[in-house]
Amino acid sequence: MRIFAVLCALSLWLAACSNKATTDAADAAQADVQADATAGTDAGADIAVEVSATFDPCVADPALANPPVPALRTPRWAFEPWISKDISTGDDTRAFVQGFNDRAIPVGVVVLDSPWETNYNTFQANPSRYPQLDKLVGEMHAKNVKVVVWLTPLVNDSSFDLEPGGDTYDGPSPNLADGLKCGHFVNGGETYSWWKGSGAAIDFFSPAARTWWNRQQIDVLGIVDGYKLDFGEMYIGKVPMQTAAGQKTLDDYSQAYYREMLSFGVAQKGAGNFLTMVRPWDESYGFAGRFFAKPEHAPVAWVGDNRRDWVGLIDALNETFISAQAGYTVIGSDVGGYLDRDDKALTTLIPFDAINFARWIAVGALGPFMELHGRGNFTPWTVPDHATEITAAYKYWASWHHQFAPMLFSEVRHSQLGTGPVVTQPVGNAAQWPGDWRYVLGQRWLVAPLTDATGKRAVTLPKGKTWLDWWHLEQAALPGGATVTVDMTADLTETPLYLDACSIQPFVDGTPLTGLVPADVGAHDGWLVMAALGTCKAHLFERLDDSGAVAVTATMTPTAAGLTIALSKRPQATILKVRAPAAVKAVVIDGVDLGAATPIAGQPTSWQTDASGLVAWIRLPAGGATSVVVK
């Protein structure tokens with residue numbers, strides 16, 4: 001471990017020195033990523049490239065070199081919880097996923113991080129570590145789990161993996177010779193030290209290099225669902241760099257790298273079936289903060305390599321906020337922090353902190369992208385401290401994230417189409433963030449992260465709305481502008497969370513764990529309807545299907561007759577959880593009064609309330625359009 005720290009520190013210092021003169025200031029970088037980009041298109045995105053058996057690695061093929069740049073589209077499955085380990089194998093991946101399944105903890109994506117290939121960036125699975133990769137991925141798909149693999153743009157002349165349990169490599173990567181012979185690398189094929197060896201960087205400005213690089217991806221793209229693209233370009237030691245299109249800056253290179261990897265993957269697999277996981281604004285190790293992929297080339301963006309403590313959590317929030325303001329639509333961080341070391345001084349160890357880990361789980365879930373990933377290779381039930389509480393907290397928040405994925409996906413899709421704001425909206429300006437870190441999620445949720453070990457904080461509720469405490473929906477609504485003091489030291493699961501008192505939100509597989517359905521009712525899809533005030537205005541929500549088309553339209557309208565909820569259809573049995581402005585006395589469905597409240601368990605059309613009478617659950621069978629009046 002000490003060798004790892006020393007070598008990494010040396011490698012990072014060398015890379016930082018060679019790139020010091022080329023990194024841009026934050027303001028200049030932000031202006032660049034917000035500049036006009038080539039218009040995205042879905043044209044041709046569902047047509048995979050056919051390649052002949054004979055192939056000259058030095059010759060450009062327009063069909064391979066020039067895939068259309070797709071319009072930004074994050075697949076629906078990306079909004080499920082992700083899990084990842086730093087080091088794994090095929091059998092370990094199976095056991096990893098099964099551990100979550102056995103505990104009824106939702107998981108939708110597993111990442112195969114490095115090492116997984118025969119050498120770095122060969123696109124070929126190591127048969128000893130991941131034998132029959134296609135079989136493994138097929139098994140994951142049968143569990144509704146997608147598989148994403150890790151890559152960088154570097155091809156090595158020598159490779160090493162200093163992580164415990166990593167691989168050893170004999171000689172250069174097998175694809176290096178063709179790349180050098182054909183001139184497919186920047187700076188004439190110079191190699192640069194990076195954290196996995198020494199390698200040359202692909203010239204994404206060369207049609208012939210793109211042809212060669214993309215052809216190597218075809219087989220693996222027939223198996224996996226996406227790429228995690230790490231920032232290997234930061235180690236290119238000579239910038240501006242010489243390319244087939246002349247001299248290019250580091251920003252030019254980053255934008256080409258992330259754009260081309262996304263474009264070819266979508267061209268091969270089809271729109272909605274592939275994504276890339278990339279860095280937005282990120283400041284890690286000795287490198288100055290900068291933008292990497294452009295927002296329009298970032299289906300999923302993660303601010304990675306944060307240390308696993310309160311400093312790391314605050315860094316993750318800061319980088320998330322900068323990215324959100326720049327227009328990135330799906331952003332998240334490694335839950336609990338990736339690094340067990342100080343990223344600015346790698347010889348300094350950062351101990352595991354169960355309180356920090358628990359609070360970070362909530363932050364991870366309360367965003368469009370939730371991923372568990374760290375050098376400790378932990379699962380919630382194998383953390384070294386407070387494992388029972390951590391597992392309970394992770395199960396709650398992974399369930400919350402899964403159950404509100406329709407809301408997150410719908411809000412993000414509207415943002416990507418230009419018909420809505422970004423889903424993560426920081427409160428205040430950058431000067432006001434430190435010490436606060438509040439943000440609004442999906443226009444209706446106020447999140448106030450706990451960023452120290454006390455479990456206490458003051459929360460000022462944004463003006464212009466009235467708010468309900470998520471943990472106490474039966475309590476009186478709170479006016480915008482008010483400041484409340486919270487103390488959540490007694491429960492590692494809870495975090496300050498407030499919901500617009502006049503809103504309607506879709507959920508899927510709602511369970512008693514998150515309070516979306518009563519304790520004796522199984523999982524149901526449904527709608528969370530907040531109408532805590534008699535002065536609420538009408539609210540509408542369009543729940544989108546996996547293709548991005550409107551699946552169900554729901555409206556909540558207070559009227560003299562009562563609160564009216566209209567659904568355009570009920571594709572499956574549906575539960576409405578309603579917070580009414582007064583105790584609920586009656587429920588009328590399509591003009592028929594349901595009579596007295598009765599427990600909804602086992603009753604296809606029924607309603608019941610909590611002890612306060614202000615919160616009601618209404619159960620409806622599958623069917624067409626319907627109108628529900630709550631009196």
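All values derive from a computational prediction rather than experimental measurement. FYI, the numbering just counts along the sequence from 1.
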Please confirm whether the backbone N or O of Pro172 pairs with a side-chain atom of Asp157, one donor and one acceptor, at under 3.5 Å? no

Without hydrogens or angle criteria, can the side chains of Thr249 and Asp252 be said to hold a donor-acceptor pair below 3.5 Å? yes

Looking at every heavy atom in both Arg308 and Trp360, which two are closest together, and how far apart are they? CA-CZ3, 4.4 Å

In short, Arg279 meets Ser284 closest at the heavy-atom pair NH1-OG, 3.7 Å

Tell me if the aromatic rings of Tyr169 and Tyr120 count as close, with their centers under 6.0 Å from one another. yes

Are Trp302 and Phe369, when compared by the centres of their aromatic rings, separated by less than 6.0 Å? no

Could Arg375 and Glu163 be called an ion pair, given the rule that one side-chain N must be under 4.0 Å from one carboxylate O? yes

Any donor and acceptor pair, going by atom type alone, linking the side chain of Glu80 with main-chain N or O of Ala405 inside 3.5 Å? no

CZ of Arg129 to OG of Ser88, rounded to nearest 0.5 Å, is 8.0 Å

Students often mix this up, so state it plainly: with edges at 30° and 60°, are the rings of Phe100 and Phe96 parallel, tilted or perpendicular? perpendicular

Is it true that a side-chain atom of Glu371 and a backbone atom of Gly332 form a donor plus acceptor pair closer than 3.5 Å? no

Give a yes or no on whether Lys344 atom NZ has more than 12 heavy-atom contacts from other residues, nucleotides or ligands under 6.0 Å away. yes

Sidechain N-carboxylate O distance under 4.0 Å for Lys248, Asp203: no

Assess, by modelled atom type and distance only, whether the side chains of Trp150 and Asp230 contain a donor and an acceptor separated by less than 3.5 Å. yes

Run the salt-bridge test on Asp161 and Lys196 with the 4.0 Å N-O cut-off and return the result as yes or no. yes

For the CD atom of Gln247 and the CE atom of Met241, what is their distance to the nearest 0.5 Å? 10.0 Å

Is a salt bridge present between Asp343 and Arg307, judged by a nitrogen-to-oxygen distance below 4.0 Å? no

Looking at His184 and Pro57, would you say the former's side chain and the latter's main chain have a donor-acceptor pair under 3.5 Å? yes

Check the pair Trp213, Phe123 against ring pair (Phe, Tyr, Trp, His ring centres under 6.0 Å), reporting the backbone distance first and the verdict last. CA-CA 10 Å; Trp213 187 245; Phe123 303 101; 4.8 Å; yes

Can you confirm whether the side chains of Ser173 and Asn175 place a donor and an acceptor under 3.5 Å from each other? yes

Nearest heavy-atom pair of Trp433 and Pro426: which atoms, and what distance? NE1-CB, 3.7 Å

Over 60° means perpendicular and under 30° means parallel, so tell me whether Tyr285 and Phe231 are parallel, tilted or perpendicular. tilted

Those residues that, when tested against Val149, pass side chain to side chain contact (heavy atoms under 4.5 Å, CB included) (two or more places apart): Leu112, Trp116, Val224, Tyr227

Under the 6.0 Å and 45° cation-pi test, does Arg290 pair with Phe292? yes

Is any side-chain heavy atom of Trp281 less than 4.5 Å from a side-chain heavy atom of Phe321? no

Parallel, tilted or perpendicular: which describes the rings of Phe357 and Phe378, with under 30° parallel and over 60° perpendicular? perpendicular

Is the closest side-chain heavy-atom distance between Tyr235 and Phe287 below 4.5 Å? yes

